[in-house]
Amino acid sequence: MAPLTPLTRVLPSAASRATSLLRTIQFTHPPSCPCHSNPNYHKTPTSLTQRNYEKNRQYATPVDGALAKEYAFEMAASSIRFGPGVTQEVGMDLKHLGTKKVCVVTDPTIDKLFPMQQVRESLAREGVNYVVYNNVSIEPKDTSVKEAIAWAKAQNVDSFLAVGGGSVIDTAKLMNLYTTYADAPFLDFVNAPLGNGRPVDRPLKPLIAVPTTAGTGSETTGTAIFDLTTHHAKTGVAHRNLKPLLGICDPLNMRTMPSAVKASSGLDVLCHALESWTAIPYTERKPRPAHPLQRPAYQGANPISDVFSLHALKRTVKYLPRAVHNPDDLEAQSEMLLAATLAGIGFGNAGVHLCHGMSYPISGRNPGYHHKGYEVNKPLIPHGVSVAVTAPSVFRFTAPSNPERHLAAAEAFGVDITNAKREDAGEILSDAISRFLEELGDQPKGLKPLGFTSSDIDALVEGTLPQRRVIVLAPGIEGGENDREVLTRLFEHALERK
Ligand SMILES: NC(=O)c1ccc[n+]([C@@H]2O[C@H](COP(=O)([O-])OP(=O)(O)OC[C@H]3O[C@@H](n4cnc5c(N)ncnc54)[C@H](O)[C@@H]3O)[C@@H](O)[C@H]2O)c1
Ligand SMILES: *[C@@H]1O[C@H](CO)[C@@H](O)[C@H](O)[C@H]1NC(C)=O
Ligand SMILES: [Fe+2]
């Protein structure tokens, strides 16, 4: 097994660290807020304000802007309603919105199950007019999303209701986006460099999301993910305007989830929590956007996301094994739904990094693996499986950037860290994650059991490099030539584990 690149080789030199520290000190002074950009805004400027204005005007020039680090973060999340039976309230919500025609989006499985029965009853009771699109494809591809959009364009709806897992909620977000911008080419809003990264500058139609997995947290985020078939990798659209208006989180909808779906959607939660908790701090993200509206949703770890991410991690470690191993444990299912939503708020504002960035080519280049317990008639590496499979390698690599945080994460897995050495943080957390995956059961022990070999690694690295939006949030990823080498080591290390 190839050793990971020592972190000293991928970290900036001491000199550049010192300059970067200096810059942090300089740039963490709050620059003028937009209303202050008018120097006459303060009728009687104090000398301090005047000084700040002068100084900050300098920082705001485009040249400095490209070098400057971020100084602010923003917290966005959907409203959430949580409780057993709340699905029955959705008719009331849509009626209050005054909708004339709702597009209900679901997949063929959920369409026949309890969550959709509840939705149909509730809409009928409130006299809400609706049409159902029930052909969402699991782990959607651009092709299936385009079919859904084409269908929606012909329907003239004024609102959306997504009932399902991440596949459904994400497809509904894209149906909403591309019916609002009916003439936009499909790649327009997709993350650069695979797409054009056009910002969403209009409000979309109201979308209410009813998650049936625990889960992607997609009910709280502005992210929609799909597989771009031409590139054999997942990508997506990420903008706050895609966020659902309301997430209706009903633990009763979790009961029909097959145990394999509980496990993989729960591992997604685990990685959302771990990755957002260990992402670079928002104050280290470069460049500071030229305009506050261009601040990305994935900002780096911040004091508010930390609260959500660490809490979600602790709940997932405690309740996921129970939810997977005992189908009658309603408390565990309910706690997992809560953890998924909490993690969604955390990573939706902080971002995810390497497990997710590396998972996108893993699922897009699936050599033919069918995950046990998934009732779909196509090869599928479920999203949660594809993120968790590299987690032991990833956190071993990121630990030296912030040993305390990685040890705190290990502690969340029940490891006694009282006498742990900082330099062992990576090994300790990596072992804790491997043990957790082992005990959960039915998880591939690396990329080899999924059908990958060392000859696939170059392609996997090529598919990860364009995932800049997420990988730049990883400590140790610098955006330069070194990244290729780092990613190669990480994939090699993830090929098999003990
Ligand atoms: N938007 C985001 O921020 C975000 C975050 C993480 C993942 N994702 C994406 O979400 C997708 C994965 O979503 P997911 O893990 O929620 O699962 P999913 O929507 O892909 O569903 C998985 C399977 O479980 C079934 N299922 C779902 N809920 C069920 C229930 N209550 N009862 C019975 N069967 C049920 C579905 O029919 C499907 O067969 C991936 O495409 C992934 O890339 C998005
Ligand atoms: C449902 O989606 C699949 C895959 O995208 C497609 O092949 C099929 O034609 C669709 N069925 C209907 C009824 O639209
Ligand atoms: Fe995810």
Side-chain angles (χ1 to χ4, degrees), residues 78 81 85-91 93-94 97 99 101-126 128-141 143-155 157-179 204-221 224-226 242 244-258 261-262 264-265 337 340 374-378 380 382-383:
S78 295
R81 187 184 299 141
V86 281
T87 312
Q88 279 280 354
E89 297 184 6
V90 73
D93 292 302
L94 288 162
L97 275 174
T99 61
K101 191 177 178 188
V102 186
C103 177
V104 181
V105 184
T106 191
D107 72 45
T109 307
I110 306 289
D111 195 21
K112 300 187 209 85
L113 296 176
F114 177 82
M116 272 301 287
Q117 285 164 11
Q118 297 294 295
V119 163
R120 283 196 165 89
E121 263 180 50
S122 176
L123 298 183
R125 198 173 51 242
E126 300 289 343
V128 174
N129 183 29
Y130 67 95
V131 282
V132 177
Y133 182 79
N134 70 359
N135 200 27
V136 166
S137 169
I138 296 313
E139 308 259 338
K141 296 185 190 305
T143 44
S144 70
V145 172
K146 283 180 193 162
E147 282 171 21
I149 293 167
W151 184 90
K153 278 183 180 168
Q155 293 294 324
V157 295
D158 59 8
S159 53
F160 289 85
L161 171 60
V163 187
S167 299
V168 167
I169 302 175
D170 288 6
T171 302
K173 288 174 180 172
L174 295 165
M175 292 163 87
N176 191 2
L177 176 66
Y178 286 102
T179 51
L204 305 188
K205 299 183 180 81
L207 160 66
I208 295 180
V210 183
T212 64
T213 60
T216 65
S218 186
E219 67 280 6
T220 69
T221 72
I225 304 289
F226 59 86
L242 266 69
L245 179 72
L246 173 67
I248 296 189
C249 301
D250 185 344
L252 300 183
N253 290 339
M254 303 296 113
R255 293 173 301 179
T256 49
M257 225 195 307
V261 178
K262 286 194 183 112
S264 47
S265 59
L337 177 59
Y374 266 64
E375 288 154 29
V376 288
N377 36 20
K378 61 175 181 186
L380 185 74
H383 173 68

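Values below: every heavy atom of this structure, side chains too, minus hydrogens, waters and symmetry copies.
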| query | Got a second to check how far Ile169's CD1 is from Phe160's CZ, nearest 0.5 Å? | reply | 14.5 Å

| request: Tell me, please, which residues at least two apart from Asn176 pass side-chain hydrogen bond (donor to acceptor under 3.5 Å, both in side chains). | output: none

| Does Arg255 have any salt bridge (charged side-chain N to carboxylate O under 4.0 Å, His left out) partners at least two apart in sequence or in another chain, and if so, which? | none

| field | Glu139 (side chain) donor-acceptor with His383 (main chain) under 3.5 angstrom | value | yes

| remark: Taken in chain and number order and not counting sequence neighbours, the residues that satisfy salt bridge (charged side-chain N to carboxylate O under 4.0 Å, His left out) with Lys146 are none

| remark: In this structure, CD1 of Ile208 is separated from CD1 of Ile248 (nearest 0.5 Å) by 5.5 Å

| field | Distance-minimising heavy-atom pair for Lys173 and Leu242 | value | CG-O, 3.6 Å

| Would you say Met116 and Val132 make side-chain contact, with heavy atoms under 4.5 Å? | yes

| request: Starting from the C-alpha separation in whole Å, work towards a yes-or-no answer on side-chain contact (heavy atoms from CB on, under 4.5 Å) for Thr212 and Met257. | output: CA-CA 8 Å; Thr212 64; Met257 225 195 307; over 6 Å; no

| said: What's the separation between atom CD in Glu375 and atom CG in Asn377, rounded to the nearest 0.5 Å? | reply: 10.5 Å

| Is there a donor-acceptor contact under 3.5 Å from the side chain of Ser122 to the main chain of Gln118? | no

| If every non-hydrogen atom of Met254 is compared with every non-hydrogen atom of Leu337, which pair is closest and at what distance? | CE-CD1, 3.8 Å

| note | Of all heavy-atom pairs linking Thr87 and Pro115, the shortest is CG2-O, 4.0 Å

| query | What are the two closest non-hydrogen atoms of Val157 and Lys205, and how far apart are they? | reply | O-CE, 3.3 Å

| task | Ignoring hydrogens and angles, tell me if any N or O in the side chain of Asn134 forms a donor-acceptor pair with the backbone of Thr106 under 3.5 Å. | result | no

| note | Taken in chain and number order and not counting sequence neighbours, the residues that satisfy salt bridge (charged side-chain N to carboxylate O under 4.0 Å, His left out) with Glu121 are none

| field | Sequence neighbours excluded, every pair satisfying side chain to side chain donor-acceptor pair (under 3.5 Å) that has a member inside residues 163-172 | value | Asp170-Ser218

| Which residues satisfy the side chain to side chain contact (heavy atoms under 4.5 Å, CB included) test with Ala340, sequence neighbours excluded? | Ala214, Val269

| request: For Lys378, check side-chain hydrogen bond (donor to acceptor under 3.5 Å, both in side chains) against everything at least two apart and list the hits. | output: Ser137

| query | Considering only heavy atoms from C-beta outward, does the side chain of Ile138 approach that of Thr109 to under 4.5 Å? | reply | no

| query | Do Leu97 and Val102 come within less than 4.5 Å of each other through their side chains, counting heavy atoms only? | reply | no

| Over all atoms of both residues, closest heavy-atom pair of Val131 and Gln155 | CG1-OE1, 3.6 Å

| task | Return each pair, listed once, that meets salt bridge (Lys or Arg N to Asp or Glu O under 4.0 Å) where at least one residue sits in residues 102-117; pairs must be two or more places apart or across chains. | result | Asp111-Arg120

| request: State which residues pass salt bridge (charged side-chain N to carboxylate O under 4.0 Å, His left out) with Glu89; sequence neighbours excluded, sorted by chain then number. | output: Arg81

| field | Those residues that, when tested against Ser264, pass side-chain hydrogen bond (donor to acceptor under 3.5 Å, both in side chains) (two or more places apart) | value | Tyr374

| message | For Val105, run the side-chain contact (heavy atoms from CB on, under 4.5 Å) check against Leu161, Val136, Leu207 and tell me which one passes. | response | Val136

| field | With Tyr133 via ring-ring contact (aromatic ring centres under 6.0 Å, His included) - residues at least two apart | value | Trp151

| Closest approach of Cys249 and Pro211, non-hydrogen atoms and distance? | SG-CG, 4.1 Å

| request: Just jot down the ring-ring contact (aromatic ring centres under 6.0 Å, His included) partners of Tyr130, sequence neighbours excluded, or say none. | output: none

| Checking Ser144 side chain against Pro140 main chain: does a donor-acceptor pair fall under 3.5 Å? | no

| query | Counting N and O atoms only, with roles assigned by atom type, does the side chain of Ser159 sit under 3.5 Å from a partner on the main chain of Pro206, one being a donor and the other an acceptor? | reply | no

